[in-house]
2 protein chains.
Amino acid sequence: MAKRKNAPGERISEAEHAVMEVLWDKNPISAAEVCDQVCAQRDWSIPTVKTLLSRLVQKEVVGTEPDGRKFLYRPLIARADYVGGESRRLVERLFGGRAAPLFAQLAESEALTEDDLAEIEALLREMRK
Amino acid sequence: MAKRKNAPGERISEAEHAVMEVLWDKNPISAAEVCDQVCAQRDWSIPTVKTLLSRLVQKEVVGTEPDGRKFLYRPLIARADYVGGESRRLVERLFGGRAAPLFAQLAESEALTEDDLAEIEALLREMRK
DNA sequence: ATTCTTCGATTACGTCTGTAGCCGAAACGA
DNA sequence: TCGTTTCGGCTACAGACGTAATCGAAGAAT
């Protein structure tokens with residue numbers, strides 16, 4: 001009954017997510033390389049990135065492989081899985097599990113561009129077959 | 001430096017959100033009444049609910065009005081605003097601000113029911129005019 | 001008036017999160 | 001071989017969060 005854990009399931013925090021994005025973009029890479037990417041956007045220092053990386057390793061969502069004296073990191077979960085999980089969680093929590101109200105909400109708050117609409121229409125048409 | 005917050009914006013936590021849901025459903029109500037609702041679902045005790053309420057008051061998202069010797073609480077922000085904000089935040093963080101990929105994601109992870117599809121189609125048709 | 005009951009307010013405390021410093025071992029340069 | 005640089009690993013610490021007990025004042029009951 002609890003929502004606890006599927007295979008990969010340890011919760012990923014906001015800051016950790018930023019690190020994951022970098023890893024999804026390119027991997028495997030070293031801590032320093034991760035910092036190159038992420039320290040540009042969020043104003044972090046190397047130690048911070050290393051802490052986040054080790055927490056992610058602990059949570060078993062990031063794996064390591066030795067590369068000479070250093071380590072290379074790579075994600076152990078697919079971005080699509082993470083993103084899907086977060087999306088479903090939001091729909092669950094805020095819209096009683098129904099996606100339509102989310103859509104309505106986005107529409108109302110003008111978060112939908114003309115392009116979005118067209119794209120969604122296309123997707124719908126495709127799913128209809 | 002610490003994290004920023006603007007007028008409406010103090011972050012509402014998961015547990016606090018549960019309390020907000022109760023207040024949105026019925027208000028103004030007393031702490032005890034909030035507990036009646038929320039302690040049924042989450043297994044909390046009165047002190048917990050009161051703590052959450054006072055934190056929400058501090059964050060200025062819940063207001064109080066004296067009712068004899070006790071207080072009645074009511075939300076100061078609309079549910080639609082909160083929900084809209086959270087939705088936009090998710091779309092921003094996970095989909096680069098584009099809603100279409102969210103939709104695709106939900107579709108792929110089978111989070112869309114037949115009803116959802118129909119409803120969304122209807123909404124789309126309506127927006128098309 | 002004295003006690004019993006209610007509340008809100010204050011305090012507590014372990015965990016998680018954001019952010020970072022320090023240390024020791026390994027690799028490198030001389 | 002010896003110091004210097006480079007890493008990963010452990011340690012730290014403040015603020016947020018989840019959860020709750022305790023205190024003190026205002027009312028109610030007798």
Side-chain angles (χ1 to χ4, degrees), chain A residues 2-5 9-23 28-74 86 89 93, chain B residues 1-6 9-23 28-74 86 89 93:
Chain A
K3 42 6 198 0
R4 254 316 30 93
K5 69 182 337 154
E10 290 272 10
R11 208 89 197 78
I12 294 175
S13 80
E14 177 83 15
E16 287 161 359
H17 172 231
V19 170
M20 288 305 286
E21 284 297 341
V22 174
L23 290 180
I29 59 179
S30 69
E33 284 175 284
V34 172
C35 187
D36 285 347
Q37 300 300 312
V38 89
C39 295
Q41 300 147 28
R42 332 272 290 223
D43 183 40
W44 291 341
S45 60
I46 281 269
T48 299
V49 172
K50 290 206 232 169
T51 297
L52 293 173
L53 276 171
S54 40
R55 284 179 185 169
L56 287 167
V57 170
Q58 262 184 296
K59 294 181 180 181
E60 293 180 86
V61 291
V62 164
T64 57
E65 59 185 75
D67 173 55
R69 54 300 186 74
K70 82 179 67 164
F71 271 113
L72 296 185
Y73 300 84
R74 78 165 71 242
E86 289 296 302
R89 197 183 332 281
R93 202 163 67 84
Chain B
M1 51 179 57
K3 19 196 17 152
R4 279 293 69 98
K5 58 346 160 11
N6 42 356
E10 289 274 10
R11 213 84 193 82
I12 294 177
S13 80
E14 178 82 15
E16 287 162 359
H17 171 231
V19 170
M20 289 305 286
E21 285 296 341
V22 174
L23 290 179
I29 59 179
S30 68
E33 284 175 284
V34 172
C35 186
D36 285 346
Q37 301 300 312
V38 88
C39 296
Q41 299 147 30
R42 333 271 288 220
D43 183 40
W44 292 340
S45 60
I46 282 270
T48 300
V49 172
K50 290 205 225 168
T51 297
L52 292 173
L53 276 171
S54 40
R55 283 179 185 167
L56 287 167
V57 170
Q58 260 184 301
K59 293 180 181 181
E60 292 179 88
V61 291
V62 164
T64 57
E65 57 186 77
D67 172 55
R69 53 319 203 40
K70 82 179 67 165
F71 271 113
L72 296 185
Y73 300 83
R74 77 166 71 243
E86 289 296 302
R89 194 180 337 279
R93 201 163 68 84

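Here is how names work: the chains are called A, B, and so on, in the same order as the sequence lines, proteins then strands, and each is numbered from 1.
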Results of side chain to side chain contact (heavy atoms under 4.5 Å, CB included) for [X] - residues two or more places apart only:
X: Q41(B); value: none
X: T48(B); value: W44(B), S45(B), L52(B)
X: E65(B); value: P28(B), L72(B), R74(B)

Pairing of K59(B) and E16(B) as salt bridge, 4.0 angstrom limit: yes
Identify whether the distance between the nearest side-chain nitrogen and carboxylate oxygen of R93(A) and E14(B) falls below 4.0 Å. yes
Among dA12(D), dG8(C), dG18(D), the nucleotide that comes nearest once only the side chain of R55(A) is considered: dA12(D)
To the side chain of A15(B), which of dC7(D), dG18(C), dG18(D) is closest? dG18(D)
Whole-Å gap separating [atom2] ([N]) and [atom1] ([X]):
X: L56(B); N: dT19(D); atom1: CG; atom2: P; value: 14 Å
X: F71(B); N: dA25(D); atom1: CZ; atom2: P; value: 16 Å
X: Y73(A); N: dC7(D); atom1: OH; atom2: P; value: 11 Å
X: L52(B); N: dA9(C); atom1: CG; atom2: P; value: 14 Å
X: I29(B); N: dG8(C); atom1: CD1; atom2: P; value: 12 Å
X: L53(A); N: dG8(D); atom1: CG; atom2: C1'; value: 11 Å
X: D67(A); N: dT6(D); atom1: CG; atom2: P; value: 16 Å

Between [X] and [N], does any side-chain N or O lie under 4.0 Å from OP1 or OP2?
X: S54(A); N: dG8(D); value: no
X: K50(B); N: dG18(D); value: no
X: K59(B); N: dC17(D); value: yes
X: S13(B); N: dG18(D); value: yes

For S30(A), enumerate each residue passing the side-chain hydrogen bond (donor to acceptor under 3.5 Å, both in side chains) test, keeping only those at least two apart in sequence or located in another chain. E33(A)
Partners meeting salt bridge (Lys or Arg N to Asp or Glu O under 4.0 Å) with R89(B) (sequence neighbours left out): E86(B)
Of all of residues 30-49 of chain A, which get a heavy atom below 4.0 angstrom from DNA chain C, listed by number? W44(A), S45(A), P47(A), T48(A)
Taking salt bridge (Lys or Arg N to Asp or Glu O under 4.0 Å) as the cut-off, I'd like each qualifying pair that reaches into residues 41-56 of chain A, sequence neighbours left out, listed once. none
Pairs: protein N or O with nucleotides 23-29 of chain C N or O, under 3.5 Å:
{"residue": "dA27(C)", "atom": "O3'", "partner": "R69(A)", "partner atom": "NH1", "Å": "3.0"}

